[in-house]
Q: 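Got a structure for you, written out below as structure tokens; questions coming shortly.
Within every chain, numbering begins at 1; the chains are lettered A, B, ... in the order of the sequence lines, protein sequences first and strands thereafter. Remember, predicted model here, so these are calculated numbers, not experimental data.
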Amino acid sequence: MTVTPSRPVEPPRQAEPAERSPGRKDRRGDALVAALFVSPAMLAFTVFVIVPALGGLVLAFFEWDLFGTPVFVGLDNLARLFTDPAMWQALGVTALFVVLGVIPTTLVGFVLAVVVNVNMPGIGAWRVLYFTPMIASAAVSAIIWVNLYNGRSGLVNQFLALFGVDGPNWLADPTWALPALVLMMIWGALPIVIILYLAGLQRVPEDIYAAASLDGAGRWRQLWSMTWPNVWGTTVLVAVLQAVSFVSGSFEVALIMTDGGPLGTTQSLALYSYKVAFTERDIGYGSALSLFQLALIIGVVLLSRAIVRFRKERG
Amino acid sequence: MTSRPHRVRRPTAVAAALAVIPLFAACGSSDTAGASNEVEGSTVVLTTITSLEPQFKEYADAYMKEFPDRTVEVRSTTDDGAEYAQQLATARLSEDLPDVFFNVDFLADTLAKNNVTLDLAPGIEEGKLGDLAMDDFLPQFVAQYRPLADPEQVTGLPVSADSVGLYYNKSLFEQAGVTEYPEADWTWEDMYRVAEEIQSKSDGAVTGLAAPLADGSAQIVYGPVIQAYGGYVYDAETGKSGIGQPEAVEAWTTLLEPYGTASGEYTTTGDDPTLQFSSGNIAMAIASRGAVPQTQLALTDADWDVQVLPTIDGSSTAGGGSYGLSIAQTSENQDAAWAFLAWFYDTDAGMKIAQEVGGVIPPTEDGISNGTWKDGEPPPASIEIFGESARTAVLLTQMPGASASVMAEATKKATQEVLLEGRDVAEAFQEAEETVNAAIAKETK
Amino acid sequence: MSTRLYLSLRYALVVVCGLVLAFPLLFMVSGSLKSAREISAFPQPLLPETPVWQNFVDAWDYLTPQVIGNTFVFSLGIVGLQLLISLPAAFALAKIPFRWSAVILATLVVPMFVPANLTLIPLFVVTFQLGWLNSFAGLIIPMAAQCAFAILLFRQFFVTLPPGLIDAARIDGAGWLRVLVSIALPLARPALATFCSISFLTAWNMYIWPQVVAPNPEHRVINVALAPLAGGENSVLSPAIGLAGAVLAMIPVLIVFIALQKWYIKGVVGTGLE
């Protein structure tokens, strides 16, 4: 028994203001107000984010051990990138982290947000449980997950044994270490995704559900045909944040739990850069690795946008 | 988003960022002499790593109780070596280095080379440590803080003459029905044989021996083993590492043998709980004296003890090392810092409390022989073995710049290649040796 | 399927998923009550035999009223300043048509991909040059300036506001500031609550920045004060005390989450019934 929605659902308009009124010129007054509104944030952002970021990246052209005087070495560090096999492996690991991490985190977070977005007695207390992974620091989470993943006595393998599966020694297995870390990172990332979607869901007009079906299958379809398009803006935000966190933010987890091993299979570019810069105290090359990563990301974004535009123009 | 071409050009920001660079070197080459002020009424800032903060607070409290006019403020930063280096670097950039601070083997040479740490040798000569002379300290522990470029200098003083011993859990031996406890004349073969017996008799429930090589970077264990086979980790004269030479390869083969049979499976980090003797699940483990307090806290219902490390070809395989205390070259309270160190290293003052609170073994001949460190409640009943092994211990080798950190990465990689990919031991460690030698060459060029 | 059955199933789902997600954390709370023997044991027992409340007493010793006060000043300062600078910026980017908005958005996103550990030292140098070491200004302002997330979040929210609402107000002669304060903000309550909880938590848990920029004890914040409890090879304390400290530190965060919940869940949306 499925009933299709009685009227098509129009997602809220999320286009850029600039695109919404392409012909209109900025009104002088508006531009002034906008500048006033934007400038405190941009001033702070420039001084404390952009300048330090450039300062860090410029070090790619220097040789520096943290304590001595930085020595200008031109393109030496950048040239070294292309002959370094560890760099290429780390690049692959970063790509895997993003592919395995971002999409599941986003989808599962969305579904869980819908699940807890409900008014029931005592729901508030239960909902708090969903936020708890975010509260634990990386070091504390690591202790817990190392226990869970242990090959012999860990709960994960004890659970698998119930089904007759002989689980691997997760964190020391070149095949399974990366998926194990991704699973843990998804766990840690879910709260922020759930919170963002919860906020997004509050802006979905309720009347779109009015005539929709009430049975299970219908609800599942309604979830993807009506709710999902209505939170698209949130999804974009979540995807960007998760991309940031899987590319660079979460290297801490791998550092504590596997130290990038075994055989470099969990060593992302960010972790490799950190180790080069601060363990081996070769800040210049560490910075070159980060610069390369940044260039690649900008390249991927520009390329994907070009493809989208190309398709639009053709279609 | 719009498709308008971007013009993210921020010349001002770029200029500002470039202007930041020279600041990194603000005091890089300056050798600003520190100053000496009054000792009474002084405040000395002492920075250590976080896990040592509680005990150092107690030392400072005792000092301030004895000298109410003096203040020692203990701060701690982090427990992670890389972060510690970073924070010392920022403190230096802002010319706000602590007066006295924690130093460690893998940082010592870099700090000395860049004029961060004060040469303590002249001060000790002048009697700034009271009755203590340089000769009173165990020479091999002091040697860790002698800069490679100028071995006459001493840029740090060891705090505890720590060496490793073989910890063993008698309760687990009994549980597995094994009664052959470690003896002073054991060889590594004896250790492996008994460990394997325990592990198989307990059906894998008890780990016979925590893997001695741990994650592959435990230099305190592999260093002495390589030496016992006649090899070397680093030769200061030729400036080369020998971890891929035939003698070293023999050592690696021995060290790589027990995984899965006498020891547990390989783990990718050295602080994995399956390697911790205090887990109560491990019959034997090679660990430093520093682990005694934690073990006492954790193994409350087990009967455990320590024994000297087994031998290879008749040579001892005990490794050792100590974190140290250094004085900043730029400190304006150098006399006050000296006064604190003089009190701290006095066997009847600071060292007395350090022995009680931190289980520290004084790094002096007098302290080892007559100190109170061995008078604590057992277990371990045989704690005095650490005195003997401190005297004979093979110390962590001082290596140029950050090459010791590069070596830790390289031996770990080689270990994984052998254990997880079945690569040939000699091949894997020859490659590691090349990596290390390249890093040394870069540091010394 | 009846609505009743559906609702019960859904409730069960909420509880089960919640427990799975929270399991590692419940494990930590249980760990904070374990004895030194239990916390070091491997495999670790799920629950302590007898709860060791002394762990909390020992951890409490490391917290002074000043530390707790500092952490509140630090966290609330960051949240407040970020709101102050991000809300107008986000509003302008979403609703006021002007030429630079796309460039500014790109400028906000790109630096997110530069690793924080690499920018730490340059950021420190900038703060040092401003003479802000060992001060609340140095603690708070550089962190409040990390506002890309706040601006993107609020902008995303403002973009979905119906244009008619704002046009109407504009036609009535309301200035942009007035539109922001009296129309956009009240509607943005869920976004505000979301941002405040996330930002407060992030600031509360900060560790490296306070450590580096204000090492003196007068400005110590909670995670810096609790760090010596985290254990390590040389430690003379039980690791369970460290977990007790972590549990104590998260209480204010939990309170903030619970308090702000009412704000971002507006009512009966979830049932799909009217």
Side-chain angles (χ1 to χ4, degrees), chain A residues 12 14 17-18 21 26 30-31 33-34 37-38 40-41 44-45 48-53 55-56 112 115-120 124 126 128-137 140-141 144 147 153 192 195 198-199 202-203 206 209 215-216 233 237 244 247-248 270 273-274 287 290 294 297, chain C residues 1 3 10-11 13-15 17-18 21-22 24-25 27-28 43-44 85-86 88-89 91-92 96-99 101 104 111-115 117-119 122-123 126 142 145-147 151-152 156 159-160 176 190-191 194 198 201 205 246 250 253 257-258 261 264 266-272:
Chain A
Q14 304 200 353
S21 45
D26 294 353
D30 282 355
V33 174
F37 276 22
V38 168
F45 195 78
F48 296 111
V49 179
I50 294 176
V51 168
L112 285 179
V115 166
V116 294
N117 186 27
V118 61
N119 217 6
M120 293 176 178
W126 291 111
V128 171
L129 294 183
Y130 287 75
F131 307 143
T132 51
M134 195 171 155
I135 297 171
S137 70
V140 169
S141 317
I144 296 159
N147 264 280
S153 59
I192 198 164
I195 292 177
L198 267 176
Q202 309 314 308
R203 297 214 45 80
E206 283 164 42
Y209 300 115
D215 76 347
L237 180 65
V244 170
V247 166
S248 58
S273 154
Y274 175 83
S287 170
S290 296
L294 186 68
I297 288 166
Chain C
M1 184 162 53
T3 301
R10 185 161 178 180
Y11 203 112
L13 189 66
V14 168
V15 172
C17 292
L21 271 181
L25 207 87
F27 198 67
M28 166 181 142
Q44 229 183 82
I85 61 175
S86 307
F91 183 75
I96 307 179
F98 77 111
R99 188 173 300 155
S101 57
I104 290 177
M112 287 175 125
F113 287 93
V114 182
N117 48 64
L118 190 66
T119 59
L123 182 58
V126 169
Q146 318 287 319
C147 58
I151 295 180
L152 293 178
Q156 148 62 21
V159 161
T160 62
W176 284 113
T194 302
I198 294 174
L201 169 77
N205 280 349
M250 79 184 196
V253 181
F257 269 84
I258 294 169
Q261 252 206 64
Y264 53 80
K266 72 179 166 192
V268 290
V269 182
T271 64

Q: Atom OH in A:Y274, atom CG in C:L118: separation rounded to 0.5 Å?
A: 12.0 Å
Q: Please give me the minimum heavy-atom distance between C:M112 and A:V244, naming the atom from each residue.
A: O-CG1, 3.6 Å
Q: Can you confirm whether A:P133 sits close enough to C:L25 that some side-chain heavy atom of one is under 4.5 Å from a side-chain heavy atom of the other?
A: no
Q: Looking at every non-hydrogen atom in both residues, tell me the closest pair between A:Y130 and C:C17 and how far apart they are.
A: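 Closest approach of A:Y130 to C:C17: OH-CB, 3.1 Å.
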Q: Between C:Y11 and chain A, which part of the residue has a heavy atom less than 4.5 Å away: side chain, backbone, both or neither?
A: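 Both backbone and side chain.
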Q: Applying side chain to side chain contact (heavy atoms under 4.5 Å, CB included), can you list everything that pairs with A:L294, at least two apart in sequence or on another chain?
A: A:L57, A:I298, C:V110, C:F113, C:V114
Q: Is C:L201 close to chain A through its backbone or its side chain, or both, or neither, when contacts mean heavy atoms under 4.5 Å?
A: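 Answer is side chain: those atoms of C:L201 sit under 4.5 Å from chain A.
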Q: What's the separation between atom CH2 in C:W176 and atom CZ in A:F37, rounded to the nearest 0.5 Å?
A: 9.0 Å
Q: If every non-hydrogen atom of C:T194 is compared with every non-hydrogen atom of A:A199, which pair is closest and at what distance?
A: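 Shortest heavy-atom contact: OG1-CB, 3.2 Å.
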Q: Can you check whether C:L123 reaches A:V51 side chain to side chain, under 4.5 Å on heavy atoms?
A: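 SC-SC contact between C:L123 and A:V51 ruled out.
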Q: Does A:S273 have any side chain to side chain donor-acceptor pair (under 3.5 Å) partners at least two apart in sequence or in another chain, and if so, which?
A: A:S290
Q: How long is the straight-line distance from CH2 of A:W126 back to CG of C:L13, given to the nearest 0.5 Å?
A: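 Atom-to-atom, C:L13:CG and A:W126:CH2 are 12.5 Å apart.
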Q: Count the heavy-atom pairs under 4.5 Å between each of C:A89, C:P24, C:A22, C:P111 and chain A, then report the option with the highest count.
A: C:P24
Q: To the nearest 0.5 Å, tell me how far C:I104 CD1 sits from A:F45 CZ.
A: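 With rounding to 0.5 Å, CD1 (C:I104) is 10.5 Å from CZ (A:F45).
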Q: When you measure from the side chain of C:Q146 to the backbone N and O of A:F48, does any donor-acceptor pair fall under 3.5 Å?
A: yes
Q: Measuring from atom OG1 of A:T132 to atom CE of C:M28, what distance do you get when rounded to the nearest 0.5 angstrom?
A: 10.0 Å
Q: Under 4.5 Å heavy-atom distance to chain A, tell me which part of C:N117 shows up: side chain, backbone, both or neither.
A: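 C:N117 touches chain A through backbone and side-chain heavy atoms alike.
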Q: Report the option among C:I151, C:T119, C:V14 that has the most heavy-atom pairs separated by less than 4.5 Å from atoms of chain A.
A: C:V14
Q: Please report the C-alpha distance between A:I195 and C:F257 in whole Å, then the side-chain angles of each, then the deciding distance to 0.1 Å, and finally whether the side chain to side chain contact (heavy atoms under 4.5 Å, CB included) criterion is met.
A: CA-CA 10 Å; A:I195 292 177; C:F257 269 84; 3.6 Å; yes
Q: How many angstroms lie between CE in A:M134 and CG in C:L21, if you round to the nearest 0.5 Å?
A: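 Separation between the atoms: 13.0 Å.
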Q: What part of C:V253 gets within 4.5 angstrom of chain A, counting heavy atoms only: side chain, backbone, both, or neither?
A: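 Side chain only.
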Q: Where on A:I135 is there a heavy atom nearer than 4.5 Å to chain C: the side chain, the backbone, both, or neither?
A: both
Q: Under a 4.5 Å heavy-atom cutoff, which of A:A41, A:P40, A:A44 has the most pairs with chain C?
A: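 If we count pairs closer than 4.5 Å to chain C, A:A41 comes out on top.
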